There are 2 protein chains.
Amino acid sequence: MMTASNAPVRQSSVRAHNLALVLQTVANSADPISRASVAGATGLTRATVSALVDDLIAGALLGEVDPAPRSGAGRPAAGLRPSADGPAGLGLEINVDYRAACVVDLTGTVRHHLVEAGDQRAPGSLDGLTRLAARALRLAGAEGLTVAGAALAVPGLVSAGGVVRVAPNLGWQDVTVGSQLHGLPLIVDNEANLAALSELGTGDLPPSFVYISGEIGIGAGIVLNGALYRGVRGWSGEIGHIPIDSSGPLCRCGARGCLEQYAGQEAMLGAAGVTSVESLAGADLTVAGTALGTAIATVVNLLDVDTVVLGGIYAPLLPGLHDAIGAEIARRVLTAGWSPVRLRAATLGPDAAVRGAAGAVLRGVLDDPAAYLAR
Amino acid sequence: MMTASNAPVRQSSVRAHNLALVLQTVANSADPISRASVAGATGLTRATVSALVDDLIAGALLGEVDPAPRSGAGRPAAGLRPSADGPAGLGLEINVDYRAACVVDLTGTVRHHLVEAGDQRAPGSLDGLTRLAARALRLAGAEGLTVAGAALAVPGLVSAGGVVRVAPNLGWQDVTVGSQLHGLPLIVDNEANLAALSELGTGDLPPSFVYISGEIGIGAGIVLNGALYRGVRGWSGEIGHIPIDSSGPLCRCGARGCLEQYAGQEAMLGAAGVTSVESLAGADLTVAGTALGTAIATVVNLLDVDTVVLGGIYAPLLPGLHDAIGAEIARRVLTAGWSPVRLRAATLGPDAAVRGAAGAVLRGVLDDPAAYLAR
DNA sequence: TCAAATAATTCAACCAATAAACAAATCGGT
DNA sequence: ACCGATTTGTTTATTGGTTGAATTATTTGA
């Protein structure tokens with residue numbers, strides 16, 4: 001049920017909304033699309049679409065391409081598609097053993113991708129990230145891109161205002177990153193959240209799903225109706241400490257039998273008696289899969305999503321995990337009989353979080369192009 | 001992050017939105033409120049508010065009351081408040097041992113409340129409910145109320161189109177209730193969902209919370225940002241089978257150690273060695289409280305809500321449950337140290353679901369008064 | 001070469017909100 | 001008792017934005 005937002009609507013809001021509608025219709029179309037088709041798809045008139053498209057082209061959000069060869073009579077349509085020379089998003093990531101930046105344009109193309117390996121737990125890693133961001137911005141500027149904003153993916157809990165409450169594996173506690181970077185607005189968010197957005201952006205996922213990221217810790221990004229659900233304070237998706245067995249092994253969080261004790265990277269390596277994630281491919285993953293399945297069943301019972309995407313180390317290991325997860329889902333999800341739960345491996349690999357960060361910036365432009373045009 | 005809806009916006013949508021904004025501002029105000037105050041609160045101009053209020057008064061959604069005695073200079077304001085003679089919602093409930101109907105007007109007053117005790121598992125209980133609804137409609141009609149729609153609360157899983165997939169305690173399976181009743185649009189929904197909406201309507205809850213209903217089964221209603229989250233297929237909140245201990249007792253669902261085996265009504269009665277819910281008040285509820293706390297911790301870790309409302313049999317038992325739940329939350333909710341989880345007893349008692357059903361209808365009117373006016 | 005078809009633009013009409021002026025009703029002070 | 005200040009509510013001209021119909025543009029098919 002939709003509650004009306006508590007802001008008044010004026011004529012300019014109408015235009016803002018319809019600009020977003022037209023831009024998104026073009027962005028979601030696989031092929032270049034005509035103004036007339038946009039009008040048909042949106043319900044707006046051709047006159048209105050033309051006027052809106054004029055603004056979007058003037059602002060370099062859309063570009064026109066040569067008419068696609070068509071069959072049938074009639075004037076050929078000019079194709080519209082997102083412009084590659086307009087706004088771009090700067091995605092940043094800081095993780096235990098590397099930092100990364102990438103620049104993505106409105107077409108979804110990764111224009112630049114910089115990675116610096118090295119332990120980020122040392123002090124000064126944030127300064128290093130700032131320098132990396134500056135390099136990426138120079139590269140983008142040299143190509144004539146307008147960077148609309150930046151987003152940083154962090155493996156930890158983030159509060160409003162760019163404060164990292166805790167990032168256990170980085171050793172961070174109450175680190176203020178801020179909400180500006182080189183004069184750009186900066187979003188700071190959990191890596192699983194941004195990776196989930198990234199997978200959403202691939203287009204072949206339903207509007208509601210849960211992304212589970214297996215790393216040293218386990219996190220989840222919850223996407224409901226096409227939007228990331230961040231929770232009241234931005235701390236949603238802390239799935240790693242779902243209890244699997246209250247008489248299980250003691251976890252570093254102080255409780256017993258948390259998911260991480262069965263399906264965390266360390267636990268899986270220990271159980272299989274190997275030291276590298278690659279070696280897990282041949283191992284018996286039943287214990288981890290069962291625990292993961294139990295946790296997934298809980299999530300599905302609670303949120304009624306029908307798709308779960310497994311990312312991080314789980315993505316390559318899904319074949320070995322699949323049966324155990326599926327068995328647990330069949331046993332514990334009440335509605336599994338009517339409607340199966342789809343399990344998918346993430347498609348984007350380790351870049352998902354940085355790309356999702358850049359995508360979050362672009363999503364902001366797509367959601368409110370009028371604000372970008374008025375900048 | 002808000003995704004633009006895929007519908008075009010025209011001038012009439014602006015009016016529809018602002019009508020809703022004005023109506024909700026008046027409805028959310030404790031005392032009668034002037035047009036000028038509405039203008040101040042909404043950001044609309046006084047002229048616009050006046051025009052919108054004219055429509056709302058003409059449609060019997062708002063009424064004017066005598067100016068409240070005021071201090072200070074200036075022309076006295078005419079007070080606006082929701083009309084008691086306008087639209088009303090028909091709430092219906094069917095449960096194991098009773099059926100109920102209630103009529104609630106826009107001021108939130110319960111105008112009629114009919115309850116028929118008796119076993120509803122017998123065939124024909126739906127016909128009985130239809131007759132009960134007819135009685136309530138006659139009473140409402142005699143008072144000049146315009147019943148805008150009906151909603152039915154069912155203790156089970158409901159699909160779109162008014163199909164009850166399964167209601168275990170009613171013995172229902174794939175029962176089609178339909179989406180019309182006596183010519184009115186009919187919403188069918190889970191009782192925990194509607195009870196959650198009902199608690200939301202009391203006004204002293206934050207916009208995001210989880211309502212947990214303890215009955216024979218355990219259900220949850222999830223309210224996010226002031227709106228009920230129903231899930232992809234309407235089956236969200238199935239909390240009763242969250243695993244507490246995978247080596248625990250066998251549950252009727254086929255899995256082991258489900259929450260219901262510790263904190264369900266039967267389990268609690270069995271553990272305390274009593275036969276009535278009233279007798280539980282003095283019993284030791286540590287086991288149930290711990291299990292409930294574990295489940296709540298899972299929900300909070302996942303959804304990051306800071307308020308949990310306990311309803312059904314849990315409401316009167318909260319004093320006995322509180323400490324065990326709190327201990328488990330402190331142990332398992334990662335963010336409990338920064339921001340406490342508030343536990344509340346539901347305030348509305350056993351009527352919550354029926355009243356929530358009526359409230360769901362009224363919420364539809366408040367969310368889109370233009371549709372009601374155009375009927 | 002012309003008619004039909006489809007795409008895109010132009011323009012008058014309309015709808016809704018705004019701003020500013022105006023009318024209404026009260027209070028406070030002299 | 002009266003006048004100015006103050007606040008509420010309405011009236012009116014203006015503006016922004018969509019619509020629908022007419023118009024122009026460009027192609028296919030007969």
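Within every chain, numbering begins at 1; the chains are lettered A, B, ... in the order of the sequence lines, protein sequences first and strands thereafter. A quick note: this is a predicted structure, and the numbers were derived from the prediction, not measured. These values consider heavy atoms only, across backbone and side chains, with no hydrogens, waters or symmetry-generated copies.
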Interface polar pairs with nucleotides 10-12 of chain C, N/O, under 3.5 angstrom:
none

For nucleotides 15-17 of chain D, which of its nitrogen or oxygen atoms have a protein nitrogen or oxygen under 3.5 Å away, and what is each distance?
unit_1, atom_1, unit_2, atom_2, d
D:dG17, N2, B:Gln11, NE2, 2.3
D:dG17, N3, B:Gln11, NE2, 3.2

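More than 12 heavy-atom neighbours from other residues, nucleotides or ligands sit within 6.0 angstrom of CZ on A:Arg111. Other residues, nucleotides and ligands contribute more than 12 heavy atoms inside 6.0 Å of the CZ atom of B:Arg233.
Side-chain proximity of A:Ala78 to D:dG20, C:dA8, C:dA19: nearest is C:dA8. With C:dT6, D:dG20, D:dA22 as the choices, the nucleotide that has an atom nearest any side-chain atom of A:Arg46 turns out to be D:dA22.
Using a 4.0 Å heavy-atom cutoff across all strands shown, B:Arg10 reaches sugar-phosphate atoms only and no base atom.
Shown here for A:Gly234 and B:Asp304, the closest heavy-atom pair between the two residues is N-OD2, 3.1 Å. Taking all atoms of both residues into account, the shortest heavy-atom contact from A:Asp105 to A:Leu362 is O-CD1, 3.3 Å.
When the P atom of C:dA7 is taken as reference, atom CD of A:Glu64 falls 14 Å away, rounded to whole Å. Distance, B:Leu44 CG to D:dG9 C1': 15 Å, rounded to whole Å. Distance, B:Arg75 CZ to D:dT7 P: 14 Å, rounded to whole Å. Atom pair A:Asp66:CG and C:dA7:P shows a separation of 17 Å (rounding to whole Å applied).
Rounding to the nearest 0.5 Å gives a distance of 5.5 Å between CG of A:Leu224 and OG of A:Ser208.
Contacts between residues 29-40 of chain B and DNA chain C, defined by a heavy-atom separation under 4.0 Å, are absent.
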